[in-house]
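All remarks here apply to the structure that follows.
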Amino acid sequence: MPVLASPDVLVLGGGSAGATAAIAASRRGADVLLVDRLPFLGGTSTAVLDTFYGFFTPGERTRKVVSGVPDDVVAGLEALGPVVRRPNTYGAGQGVTYLAEHLKVVWERLARAAGVRVLLHTHLQDAAVQGGRVTEVAVATVGGWGVIRPRVVVDCSGDADLSHHAGFGYEQAGVEAPAQTLTTTFRMINVDDERRRTVSKDDLHRLMGQAAEDGYALPRREGSDHITPVDGMTATVMTRLDAVSPTEAGLRTVSDPWFRTEVEMAGREQALEYARFLIDRVPGYERAALGALSTQIGVRETRRVYGDYRVTRDDVLEARQFDDQVALCGAPIEDHHPGQGTAWAYIPDSGTVGIPASALVVRDGSNALVAGRCFSATHDAHASIRSMAQCMAMGQAVGTWAALAAASGEVRTVDPATLRGALRADGATLDDDEAA
């Protein structure tokens, strides 16, 4: 196969974590190649959702816990149009709601300005490993197969694709611990926002329950909708599909392409039913119509890498701080489990948990880092730290780390104090006493 590139840093996946990682690494002077399977950057932030959560802690004493490159992303959005700051329906802290079409362009502008080489429509297919070192990555592009030979590789695929193909250890969500459910989001247009505001959260859930009793196929009865920067357009988080399916032959997960295809189709069917419910039963939606379906189904967790450290539920709820931490999270544990309801557990007193660098290095690799929703954590801890602002913060951390490690090609040669100093110099918030 032809060699497509031999970059200092290869970032696999261009979502919130990957795009930020590539920008951070390139700003540090590394030659960076960013690849993604979609035709645009952003991953979940552009293909599924329209709100950044995790910038702010919830509760009465709200603090901003993420800064640096993520602030540049928000500034880029504000330069293109209005951005809405609004409270989360369930008290998870202030969200930053944007127009996803604008965000696609913002990611591209920031990446190109930093000097990142971007390759879209590109799928990871295999990885060659020698003594724990990833030497080659095989990808499929619109022009055929090719090989990339990086010095350092950063897995921001969301599905831990690198660890899977390289033979590194990971946990498959749904096998050893529960797997969070899936959600196809959708947007409604021609909504009477003023009239919709007369319906409380509890009223909406009561209407959902009544509609389900009347025959509407609504598996989740406590979903939410919210305003967007576009007048008369709302966005939803309502549908619910199981992320695993037991069969006689074994457990199917969303890492199974056949099952992934089934849930993509089923999610769109569910979305149409929820849209019908909104129009028929919810004040403000009488003249509304379906405006758009998410590009892909929203996946909360699949594979989670085994790093040098795994963040745990106790770490989160005890607001643990680490000597090597490179980012902060104040978001609650938000577990979208199968069946009805969503389990919430909040960090006391608007506290934060540190995200240690040791949870962002692949345990079985010498030149492999990880960020985003496939980082090293247990199911419960992951349900807190997977918020998109934290994915961006992790991305900045590993991008900076990869650039510092590019000369040696060994990520563990970078001293955590050196990494923390570089991140702080680039505007990142690292410690609880720095949160504003």
Side-chain angles (χ1 to χ4, degrees), residues 48-62 83-98 180-214 216-241 270-271 273-288 290-291 294 298 300 330-347 350 383-384 386-389:
V48 181
L49 296 174
D50 66 350
T51 300
F52 292 138
Y53 285 116
F55 272 99
F56 303 93
T57 61
E60 296 181 359
R61 191 169 63 94
T62 295
V83 172
V84 177
R85 288 170 171 77
R86 59 179 186 80
N88 175 267
T89 303
Y90 300 93
Q94 185 185 72
V96 180
T97 297
Y98 49 82
Q180 294 207 57
T181 54
L182 314 168
T183 297
T184 298
T185 61
F186 60 95
R187 294 188 291 275
M188 300 292 290
I189 58 175
N190 300 329
V191 180
D192 184 334
D193 292 334
E194 185 174 352
R195 182 163 164 74
R196 168 61 188 88
R197 281 193 290 269
T198 65
V199 181
S200 69
K201 176 184 70 175
D202 291 340
D203 288 339
L204 177 63
H205 296 169
R206 178 181 54 78
L207 290 170
M208 282 183 173
Q210 183 60 58
E213 291 180 8
D214 293 343
Y216 288 75
L218 308 179
R220 182 183 183 192
R221 287 106 193 238
E222 34 75 55
S224 63
D225 60 338
H226 60 258
I227 60 172
T228 72
V230 178
D231 289 341
M233 185 171 75
T234 62
T236 68
V237 181
M238 290 185 174
T239 67
R240 172 166 285 176
L241 298 97
Q270 267 195 33
E273 184 73 345
Y274 277 94
R276 183 170 78 94
F277 152 73
L278 289 170
I279 294 168
D280 290 351
R281 299 294 182 98
V282 179
Y285 281 95
E286 293 90 347
R287 301 174 64 86
L290 178 68
S294 57
R300 294 182 171 90
I333 294 173
E334 177 185 348
D335 187 0
H336 292 256
H337 55 75
Q340 293 301 316
T342 300
W344 297 83
Y346 293 80
I347 303 174
S350 295
S384 165
R386 66 178 177 81
S387 296
M388 279 198 288

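It should be emphasised that the depicted structure is a prediction, and the values quoted were computed from it without experimental measurement.
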*Would you say the side-chain atoms of Thr183 and Thr239 include a donor-acceptor pair closer than 3.5 Å?*
no
*Heavy-atom closest contact (Phe277 atom, Leu207 atom, distance)*: CE1-O, 3.5 Å
*Please step through side-chain contact (heavy atoms from CB on, under 4.5 Å) for the pair Thr97 and Ile227, ending with a clear verdict.*
CA-CA 8 Å; Thr97 297; Ile227 60 172; over 6 Å; no
_Minimum-distance pair of heavy atoms, taken over all atoms of Val191 and Ala288_ = CG2-CB, 4.0 Å
*asked:* In the structure I gave you, are the side-chain heavy atoms of Tyr285 and Val199 within less than 4.5 Å of one another anywhere?
replied: no
*Hey, does Ser350 have a side-chain heavy atom less than 4.5 Å from the side chain of Phe56?*
no
*Just wondering, are more than 12 heavy atoms of other shown residues or ligands nearer than 6.0 Å to CZ in Arg287?*
no
*Flag the pair Arg187 / Val230 as yes when at least one side-chain heavy-atom distance between them is below 4.5 Å, and no otherwise.*
no
*Does a salt bridge link Asp214 with Arg281, judged by any charged N lying under 4.0 Å from a carboxylate O?*
yes
*Go through the steps to decide whether Glu194 and Arg197 satisfy the test salt bridge (charged side-chain N to carboxylate O under 4.0 Å, His left out), and finish with yes or no.*
CA-CA 5 Å; Glu194 185 174 352; Arg197 281 193 290 269; 5.4 Å; no
_Measuring only between side-chain heavy atoms, which start at C-beta, is Thr342 closer than 4.5 Å to Arg220?_
yes
*Step by step, would you call Phe55 with Gln94 a side-chain contact (heavy atoms from CB on, under 4.5 Å)?*
CA-CA 8 Å; Phe55 272 99; Gln94 185 185 72; over 6 Å; no
*asked:* Is the shortest side-chain heavy-atom distance between Glu334 and Gln180 below 4.5 Å?
replied: no
*Using only heavy-atom distances, determine whether the side chains of Gln270 and Thr184 contain a donor-acceptor pair under 3.5 Å.*
no
*Output yes when Glu213 and Arg221 qualify as a salt bridge under the 4.0 Å nitrogen-oxygen rule, no when they do not.*
no
*When rounded to the nearest 0.5 angstrom, what distance separates CG in Asp192 from OG1 in Thr234?*
11.5 Å
*Provide the closest heavy-atom pair for Pro332 versus Pro58 in the form atom of the first, atom of the second, distance.*
CD-CG, 4.3 Å
*In terms of ring plane angle, is the pair Tyr98 and Phe52 parallel, tilted or perpendicular, where the classes change at 30° and 60°?*
tilted
*Can you say whether the rings of Trp344 and Tyr346 are parallel (under 30°), tilted (30 to 60°) or perpendicular (over 60°)?*
parallel
*Indicate the atoms forming the closest heavy-atom contact of Asp193 with Gly232, along with that distance.*
OD2-N, 3.3 Å
*asked:* As a quick check of understanding, evaluate side-chain contact (heavy atoms from CB on, under 4.5 Å) for Leu204 and Arg196, giving each step before the final call.
replied: CA-CA 10 Å; Leu204 177 63; Arg196 168 61 188 88; 3.7 Å; yes
*Nearest 0.5 Å please: distance from the CD atom of Gln210 over to the CG atom of Leu218.*
11.5 Å
*asked:* Quick one, Met188 with Leu290, criterion side-chain contact (heavy atoms from CB on, under 4.5 Å). Give me CA distance, side-chain angles, the key distance, then yes/no.
replied: CA-CA 5 Å; Met188 300 292 290; Leu290 178 68; 4.1 Å; yes
